[in-house]
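A note on names: the letters A, B, ... follow the listed sequences, proteins ahead of strands, and every chain is numbered from 1.
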Amino acid sequence: MRRFLTPEDLGDLRKALDEARYVKANPFADQDLGRNKTLLLIFFNSSLRTRLSSQRAATNMGMNVIVLDINKDGWKLESEYGVVMDGDKPEHIREAVPVMGQYADIIGVRSFADFVDRDKDYKEHILNQFIELSGRPVISLESATRHPLQAFADLITVEEYKTKPRPKVVMTWAPHPRALPQAVPNSFVEWMKKADVELVMTCPKGYELAPEFMEGLTYEPDQDKALAGADFVYAKNWSSYHEYGQILSKDRSWTVDENKMALTNNAKFMHCLPVRRNMIVSDEVIEGPNSIVIPEAANRVVSMQVVLKRMLQSMK
Amino acid sequence: MRRFLTPEDLGDLRKALDEARYVKANPFADQDLGRNKTLLLIFFNSSLRTRLSSQRAATNMGMNVIVLDINKDGWKLESEYGVVMDGDKPEHIREAVPVMGQYADIIGVRSFADFVDRDKDYKEHILNQFIELSGRPVISLESATRHPLQAFADLITVEEYKTKPRPKVVMTWAPHPRALPQAVPNSFVEWMKKADVELVMTCPKGYELAPEFMEGLTYEPDQDKALAGADFVYAKNWSSYHEYGQILSKDRSWTVDENKMALTNNAKFMHCLPVRRNMIVSDEVIEGPNSIVIPEAANRVVSMQVVLKRMLQSMK
Amino acid sequence: MRRFLTPEDLGDLRKALDEARYVKANPFADQDLGRNKTLLLIFFNSSLRTRLSSQRAATNMGMNVIVLDINKDGWKLESEYGVVMDGDKPEHIREAVPVMGQYADIIGVRSFADFVDRDKDYKEHILNQFIELSGRPVISLESATRHPLQAFADLITVEEYKTKPRPKVVMTWAPHPRALPQAVPNSFVEWMKKADVELVMTCPKGYELAPEFMEGLTYEPDQDKALAGADFVYAKNWSSYHEYGQILSKDRSWTVDENKMALTNNAKFMHCLPVRRNMIVSDEVIEGPNSIVIPEAANRVVSMQVVLKRMLQSMK
C-alpha cells in the first residue's frame, strides 16, 4: 500500500475490519515488521489525537517516530514552478519533500483545507505533492478533503458496538462557532457507504457535501425524521461546500440533546472530538451511558496500526 | 501506585531510598517492566530539567515517551461544567483527559499555579482532573502546590552527601525578580519533615508557607541563626502565600554568599535550578567545592525512575 | 572522539570514507554500541535536514534521542560572569550545560553566527561552552563558523559520484536575498582541501572567506573561468566576512544555470539545501539529470552515523 486516503486504498473492508480486531487484541505482535523503520509525522496544522494515536500505533509496531511541526517554525514552502525565490519562502516543496523521503520509511501528513481555493483544496494539492515527490508511502493524517484514519476508526467502532447486522447510522450536522473543514463528514460518508450499514445524512440546506460525496447518499433535511430509529448518531459540524468555507447557520435547534436522542433506537452517540459541548451535543448526552466517544478515540490507534501494518508488509 | 504527589504516595522513605540507590547503580535493569509501555508527558508550562530527566528515566526503563507541549499550541481546555462552548476553547477537559489516557500507560503533568485563585491552586485543580478522569497513574511534574520529583531527588542527594546520621538541613528563602510558585519549598519541607534530618526553614516575615506545610516545621526568621551549624543549605525563592503570589521583598542581604556559608558546618549548597546568580546565590558559592547542584539535578533521573518503576510494577 | 567540528577531529579521511561506505551499506549493524545511550539535540536555530537526519542516524545506531528546541521556548541563557541575574535570563549557561550533560551521553548543538561580533562568532563561543562544560562528546550541528556534518556528507557524495581519481570541484558563490552565515563554505573548503580533489573557489570580490579558510585555497574571481572543466559544481551563498555579515551583491549573473553548466565537464550539481531556485540555481539545473542534491542530503544520515559510531566506540 503506497497511499492511504480513501477506503479503496485499503481494499476489502471486511478484511480490514478483521485485521483491526487482530491488531487490537495483539498490539505488539508485529514488531518485527516495524523494527528499524521510521515514521515521519508532518503537521502543517496542529493535532492532539492524531499525533498521540499515530505515535502510539507506530511504537506498538516497533517503529521509530519523528514528529515535525512545520507550522510552529513558520517554515514556508514554495510550491509554484519558475518563481525567483527572493521572498520569504526559503525552500521549494520539490526539494523539501524528496529530502524528507530520504530520512523516513513512511510519511504521514496533516494539512487542512485553507478555504482560499476550493479546487486546489479538493485536488489535495499538498498531500499529492508528498505522494508524487517523497518516494515513500504516504498517509493522510487529515488532509484538505478527507480524514480517513478517523473514518476507519469510526467504522471499527460501529462494528464493535452494533447489535444488529445492518445498523442505521445517522450523520447529523450540528452548530459550531468556527468554519470547519468538510474532511471528517466527507470521509465518514465515503466509508459508511461502503460498509454494511443503513446510512442517512442530515444537515440544513446549503450544507450538502460535494457532489462526489453526496452521490448515492440518503439525504434527509429534517433532522428529527433522520434520527428516527437510528442505532448510531454521528454528530459533526462542517462549513458549506457550495458557499465554500462559509458558516450559513449556528442554529442550536440542531444540537444533539436528550430530546433528539429519544427519537432514536437507543442510539450510541459518536463524535470524532474535539467537541464543543452544548453546541454540538449536550453535556447529558456526551456523558451519558450511550456515548462512545472515548472508545471511538481509542480506536484511532487501531486504524493507524492497520494502515502501518499494511504499508510495512508491502515493503518487505 | 496510581498517583505521585506527596511522600505518602511513595510510602516508606527508607525503602524508597534503597530503591533509588539500586536504580542509580542499575539504570537499565528493569526494561522488561517498561517494554511496550508509553509515558505521556504533558507540559502546560515549559520545562528543561523535568522534561529531559523524565525522558531519560523512561527510556532507561525501556518505555516509549510522548511529549506534548500544550502551552505552545495555545490549546485551551474548558473545565467548567454546563458551558455553551462557543468561545475560544475547542475542547472540554472531560473529553481531552480520558482520550489522552487511551494513548498512554502513565501520564506526567506539569501545570503551575496561576496565582489567580489560591483555593483553586491549592486544590490542585488541573492535576486532580487528570487523576480523576485519565484512568491512568498520574505523576506531578510540578503542579500548583508541589514538585515531588524534585523533593525526592533532593532527599536522595542529601542521603548521598551527608556525613552524619542526622544532618541539619536549612531551607532559606532568597530574593528573585519574579513571583515564583511555592511548589518547590512546599514539597521540600513536606519530604524533609519525614526524613531523618533536622530541618529548619528561614524566610522574611510574610513568606511563611501555607499552614499545612508550616505545621511541625521549625521556623527561624533570622537567616544567620538558622544557618548556624547547617550541613546542607537549600536556597529557593518563592512568592507569598498569605498575600498570595505577591513579591514582598527583594532584599539581597538574603543572598547566599561566602559570608553566609561561613556560618555553617562546611555545608553543602543545594538548589533545584534554574538559579539566578547573585540574587539567590553568589557565583563563588555555586561554583565552589561545596556546591552539589549538578549531582542534585542528575538525581532527577533517579527519582523519576523509582516512581516509574513503582507504577509499572503495580500494573503487572 | 570528544568533539566534531573540523576534519582533524575525524582524523584520516580515507578511513572515514571507508567507514561511511560500511555504515551506508549496513545501517543497523552497530546497534549494540548505541543501546541505552541518549543523543541530545539542542537547536538554538531551527532545522529540518539536520534534525531529521540526526534522529535517523541515532536510531539507526540504536540510540535514544531527545530534541530540545531552545529558540521556541524563548529560553535565554546568561553567559557573562558576575552578573546580578535580575533581568530576563532565568539561567546561567554554567549551570544549564552541565545539567544537560547529566541527561545525555552525546550532545549535538546548533547555534548560528549572530553577526554581531565577528570575533565571538569565530571563537565558536556557544559551541565551546558546551565542549568545556557539558562533560560529554559534542557535535556541531552547524555552529557559528562551520557545518562539518554537511561537509563530510558532501565529501561522501563526491566520492560516490566521481568518475576520475582526482575530480575538479568548484565552489561558487551565488546570490540570495538574506545574509547567510559562512559556516557551509568554510567547512566545505576546509574538508575539500584535505581530500583528493582539485578545489577552486569563485566569488565576487569582497566575499573571500576568513584568512584561515583562504589559506592554500585556489581562488578564481571569474566564475566562468573557475567553472571550466569542473566535475562538480557546489553552489552556495554566504555573506561577507570582511564587511562582516553584509550583503555586498545580489548579482544574478552568478546564478548557476544551463549556460554556466555548459562550461563544465558535464559536472554534477551540488547544494546543501535549502536552496532558493532561480537565485542560486535555475529550475532546469536543479531538476536536471546532473543534480545530485537529494542523494547529497541522504548522505547527511551517513556522516552523522559515522560520527556517532566513533564517539560511541570511544566511550566503551
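- Under the 4.5 Å side-chain criterion, counting only non-hydrogen atoms from C-beta, C:Leu48 is in contact with A:Leu68.
- Summarising the geometry, atom CD1 belonging to A:Ile66 is positioned 9.0 Å from atom OG belonging to C:Ser53; distances are rounded to the nearest 0.5 Å.
- The line from CE of A:Met63 to OG1 of C:Thr59 is 10.5 Å long, rounded to the nearest 0.5 Å.
- A salt bridge between A:Glu91 and C:Arg49 is present, with a side-chain N of the basic residue lying under 4.0 Å from a carboxylate O of the acidic one.
- Contacts of A:Ser79 classified as side chain to side chain contact (heavy atoms under 4.5 Å, CB included), with partners at least two apart in sequence or in another chain: A:Ile93, A:His125, A:Gln129.
- If you take CD on C:Gln55 and OG1 on A:Thr38, they are separated by 9.0 Å, rounding to the nearest 0.5 Å.
- Rounding to the nearest 0.5 Å places CZ of C:Arg276 at 7.5 Å from CG of A:Asp86.
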* Might you work through the side-chain contact (heavy atoms from CB on, under 4.5 Å) test for A:Met85 and C:Asn278, ending with a clear yes or no? => CA-CA 6 Å; A:Met85 290 173 58; C:Asn278 304 311; 5.9 Å; no
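- Of all residues in residues 171-181 of chain C, those placing a non-hydrogen atom less than 4.5 angstrom from a non-hydrogen atom of chain A are C:Pro177, C:Arg178.
- Comment: A:Arg94 engages C:Glu287 in a salt bridge, judged by a side-chain N to carboxylate O separation of less than 4.0 angstrom.
- Remark: the backbone N or O of A:Gly82 is paired with a side-chain donor or acceptor of C:Asp283 at under 3.5 angstrom.
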* Could you walk me through whether A:Asn36 and C:Gln31 pass side chain to side chain donor-acceptor pair (under 3.5 Å), step by step? => CA-CA 10 Å; A:Asn36 291 327; C:Gln31 298 195 342; 2.7 Å; yes
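- Checking A:Glu80, A:Glu78, A:Glu95 one by one against C:Arg277, the salt bridge (Lys or Arg N to Asp or Glu O under 4.0 Å) holds for a single residue, A:Glu95.
- Inspection of non-hydrogen atoms places A:Ala104, A:Asp105 of residues 104-121 of chain A under 4.5 Å from chain C.
- Between A:Gln102 and C:Leu52 the shortest side-chain heavy-atom distance does not fall below 4.5 Å.
- Taking both residues in full, the closest heavy atoms of A:Pro90 and C:Pro274 are given as O-CB, 3.5 Å, listed atom of the first, atom of the second, then distance.
- At a heavy-atom cut-off of under 4.5 Å, chain A is reached by C:Ala297, C:Ala298, C:Arg300, C:Val301 from residues 296-311 of chain C, listed in order of number.
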